[in-house]
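Below is one structure, written out as C-alpha cells; comments come after it.
FYI, side chains are in, hydrogens and waters are out, and symmetry mates aren't considered; it's all heavy atoms of this structure.
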Amino acid sequence: MKQKEWDQEQNRLNEVKLKLKEKIAELEPEVDTLYGQASNIRRHFWEEVTVNTSSDEDFEETFFSINQQAALLSERERTHEKRRQQWKSLKRLQQSPYFGRIDFKEDGLNEADQVYIGLSSFLASDGMNFLVYDWRTPIASLYYDYSPGPASYATPGGQIKGNMELKRQYQIKDGELLNFFDASVTIGDSMLQQVLGQGANNQMKSIVATIQKEQNAIIRNDISRMLIVQGVAGSGKTSAALQRAAYLLYKHRERLTADQIVLFSPNPMFNSYVSTVLPELGEENMQQTTFQEYLDYWLGAAMKLEDPFEQIEYVLTQESAVGYEARVDGIRYKASEAFLIALQKYAGWLSKEGMLFKSIRFRDRELITSKQLYEQFYGYDASVRLANRIILLQEWVLKELRKFARNELSAEWVDKELDYLDNEQYVQAYSEILKKFQRDEELFDVSERYAKALDRANKFTNQGEDQIFDFSEQQEDLLRQMIVKEHFKPLRRMVKKMKFVDVNGLYAQLFDEEGSVYSRMTEGADVPANWPEICRQTKEKLGNKELFYEDATPYLFLKELIEGSRMNTIVRHIFVDEGQDYSPFQYAFLKKLFPNARMTVLGDFGQAIFTQSSKLGGGDSPLIKLYGEENTTLIPLLQSYRSTKEIVEFTRLMLPGGEEIIPFERHGKKPLITTAGSREALLRQLVHDLESLKAEGNRSIAVIAKNAAESKEAYEALTSSGMEAIRLVTTETLTFESGIMVIPAYLAKGVEFDAVAIYDASSESYNRESERKLIYTACTRAMHQLQLYICGEWAPYLNAVSRELYELQALG
C-alpha cells in the first residue's frame, strides 16, 4: 500500500472514532436522564392522577387524567428507547466503524461520493453528511453487487446510475486499522479467507462484511410472495436469511416490527445458535419457534404427539419391525398434496352426512344427546359452510345450557350446597346485591345503605360460622345462581372450545380399513397399497389419544376445516429453515395459517433426511405451486463456504449431481478415514484423535452418530475411556455450546463445527439409499477437519469418492 493512502485512511478512521466518542459522550447523560424520568413517572404514576368516580363528570376527568399520565410515560419510554438504541449502535461502531467503501460518481455529477459502509449509519454533527452508511441503505447495495465500472442502485424515487470508481475493504479490530485492500467482482477473497478460517462459535455471527452478490439478492428481495433459497451445505443460506430479516426491519421500520416476523427453526437448540445475529445488527429478535411447538400448543393438551425426531428414529432403526413398510408408506401419503385434497373433500362429505358429536353431560345426566346435536346440525341450511354451522350449533347449545341452568336453581343438590357455603361467599353475595342497588335505585341514598350493609357483612364475618344469619329471598336467589353458575362454568367452557365435536372420531372415521369407504368419503381418492395396515396403525394410536407426527398436521387441518381456521393476520414474514424437511401438507397449512405473510424458505434437497421431505425447486415443486410461478423466486446457492476445499470435494461426490457444488478456495487437511478390525481399537484411536483436535485449538468438536441410540453408545464409550467434559446432545438440549459434543446426525443440521468425527461410517450403520443424505449432512458440518471411523465394510456411498481425496489410516 502506498504510505499516503494508508495515512489518509488512518486519519479518516481517527476522525470518525473521535466523532463517535463525542456523540456517545453527548448521548449518555441524555439516556440516563430519560431513563430516570420514565422511572420516576412510573413510580409516582398514581400520585399524579386524581381518581374520583362520584359523578359522570368526575369519572370523565379521572379517565382523561390517567390517559394524560400514561401518554407522558409512553412518550418518555419511547424517547429513551430510541436514544438507547442509538447509543448502542454507536458503541458497536467503535469496535469497527466500517468494513467497506465505494467511490460512486452519479451520472451528471462532477465528483464521486465516498461511501463508507458499516453496521449502522452515523451522521456528522451537521445532520446532513453520512460518515458511515448502514449496510442496508440502497446505495450500499453497490458494494455487494458490482465491481468498479458502470453501476446502479434502486431508490424509492427510481434507479440511480453512475460509475463505481473504487471498491475497498477494511479490516478494523478494536478501533485499529489492520489492513485494507481493493476488491474486484466479489467481496475480496482475502477477507472471506480470514473470516472462514476462524473457529466455529457457539452462536452464529453476522456476515454483513462478507455478503456475496447472490446472498445480497436474497437479502434485498422485496417483491416475491414466496422466496425459495436452494442452497448447498455451507452456502450461507441461513446467515443470508437472518440478514434479510434485519434488512426488512430497516427498510420497513415504520410499519414492520420484529414480532411480525416468525422463524420456524429445525429444533430448539438452533434457536439458541442464531439468537445473537439480529441484536448484533441493532434489531430485536424475531419470534422463533419450531413447527412441533406450534402443534403441541394446539393439540398437546388433548393428544400425545410424536415429534419429527421420534419419527426419524423409527425410520432409521425399525426396518425389521412388523408394519414398517406400511408406516413409511403412511408417512409419505399423509404428507402429500393428495391427502390434503382428500381431507378437503371429506369435509365436503361431512357437510351432508357423517358428523360425529359427543353428548353434553352434567352430574351423570345426559342433557343433550349426540343424536340431538346431529339432528340440530343437519337441520341448518345445507348451503351454510361446515364451520359456520358448527358455530350456530355452539350458540344453540349455550342457549340450551342457560335453560338447564335455570331449571337447576331449585334442585335438591343446590339446597345441600347452600348449607355448606362459607363466609366469603355470603359477603360476595352481599356485594353483588349492593351493586344492583347502586344500578337500580338512583333516587335512594346508596352510600348510606351500602355503609349499613357492609357493616352487617363485617359483623357476620367476625361472628363465625355458627351465627344464624337472616337471609332475604333475594339473597338466597343470588346464592343459588352463584352455585349453579359455578357448576355449569366448566360445561360452558367446554362448549366454547367446541369439545362437543368428536374430532378424534372424525379423523379415525377416515381410516376404516375398507378402502371403498374412504373413497366414498373423499370423492374417489386413491390409497397406498398398504392401506389396511396404515389404517390399523393410525386407529390404534388414536385409540390411545396419541398421534404419529405425520398425522398431527392433517388432524389439526381437519379440526380447523370443521371448527374454523385460526389465522394470524398480524405476521408479515415467515422464514422456514431446513425447508426440505417440511411436507407439501405442512406448507399448505402454513399458507393458510399466515394469509398475509410472505414466505422465505431455505433448504437443501441434498440434506432431505426425512421421509416426508419436499422438493424445493423444479416444475413439480409444491412450493412453486403454492403461490404460483409469477409470485415465486427461486435462488440457487451452489458455492459452499463453510468447509475447506478438501472437505467439499470429498463430500460432494457422495451425492448424485454433487459435482455442481463449488468449493471455496480455502485449503486445509484432507478428510481422514480410519479403519480397524475391532471397535475397541477404533475407540482408542478416536479418543486419541479427539484429544489431538482439542490440543490443536479446535473449540467446537462434534462426534456425530447416526441416531440417538448410537449417540448414547458413543457417549458412554468415550466417558468410560476417561474422556471428560463431553456433552451428549438430545432433543431436550436447548442451547448450543462449544467443546466436545456427541450428537445424532439429524440434530446437527444447520450448525457447524471446527472438526467432525463420524462415529461409525460403516455399512452396518449406513447402507440404505435413504441414508445417503444423512451421512452427507453429518460430514458437511465440518469447517476445518473431517474424520470418519470404520470397522468392517465401508458405507457404500464412500466408494464413489476418489482415493486421492482423503487420507487413509489402517490400524492393526
Parallel, tilted or perpendicular for [X] and [Y], by the 30°/60° rule?
X    : Y    : result
Y170 : Y98  : perpendicular
Y144 : W135 : perpendicular
F99  : Y143 : tilted

* Listed partners of E106 passing salt bridge (Lys or Arg N to Asp or Glu O under 4.0 Å), at least two apart -> none

* Ion pair present between K749 and D581, side-chain N to carboxylate O less than 4.0 angstrom? -> yes

Working to the nearest 0.5 angstrom, can you tell me the gap between [X] [atom1] and [Y] [atom2]?
X    : Y    : atom1 : atom2 : answer
N698 : S738 : CG    : OG    : 11.0 Å
L256 : R572 : CG    : CZ    : 8.5 Å
I102 : L166 : CD1   : CG    : 9.5 Å
L227 : T600 : CG    : OG1   : 5.0 Å
I661 : Q639 : CD1   : CD    : 11.5 Å
Y641 : I662 : OH    : CD1   : 8.5 Å

Please confirm whether the backbone N or O of [Y] pairs with a side-chain atom of [X], one donor and one acceptor, at under 3.5 Å?
X    : Y    : result
S640 : A233 : yes
N221 : A217 : no
S239 : G236 : no
Q95  : K91  : no
D113 : V115 : no
E691 : M723 : no
D174 : E176 : no
S643 : V648 : no
R255 : R253 : no
Q580 : D604 : yes

* Structure fact -> Residues passing the side-chain contact (heavy atoms from CB on, under 4.5 Å) test with Q114, sequence neighbours excluded, are R101, D103, Y116

* Do E15 and N11 meet the criterion of a side-chain donor-acceptor pair at a distance under 3.5 Å? -> no

* Are H667 and E646 close enough that a side-chain donor and a side-chain acceptor fall under 3.5 Å? -> yes

Is the closest side-chain heavy-atom distance between [X] and [Y] below 4.5 Å?
X    : Y    : answer
L20  : V132 : no
Q288 : E293 : no
K670 : F650 : no
V571 : Q260 : no
T780 : V756 : no

State which residues pass side-chain hydrogen bond (donor to acceptor under 3.5 Å, both in side chains) with [X]; sequence neighbours excluded, sorted by chain then number.
X    : result
E111 : none
T733 : none
N163 : none
E696 : Q785

* Ring centroid separation for W6 and F180, is it under 6.0 angstrom? -> yes

Are more than 12 heavy atoms, taken from residues, nucleotides or ligands other than [X], located less than 6.0 Å from that residue's [atom1] atom?
X    : atom1 : answer
K669 : NZ    : no
H252 : NE2   : yes
E724 : CD    : no

* Steps toward salt bridge (charged side-chain N to carboxylate O under 4.0 Å, His left out) verdict (K19, E26) -> CA-CA 10 Å; K19 291 183 182 299; E26 178 188 325; over 6 Å; no

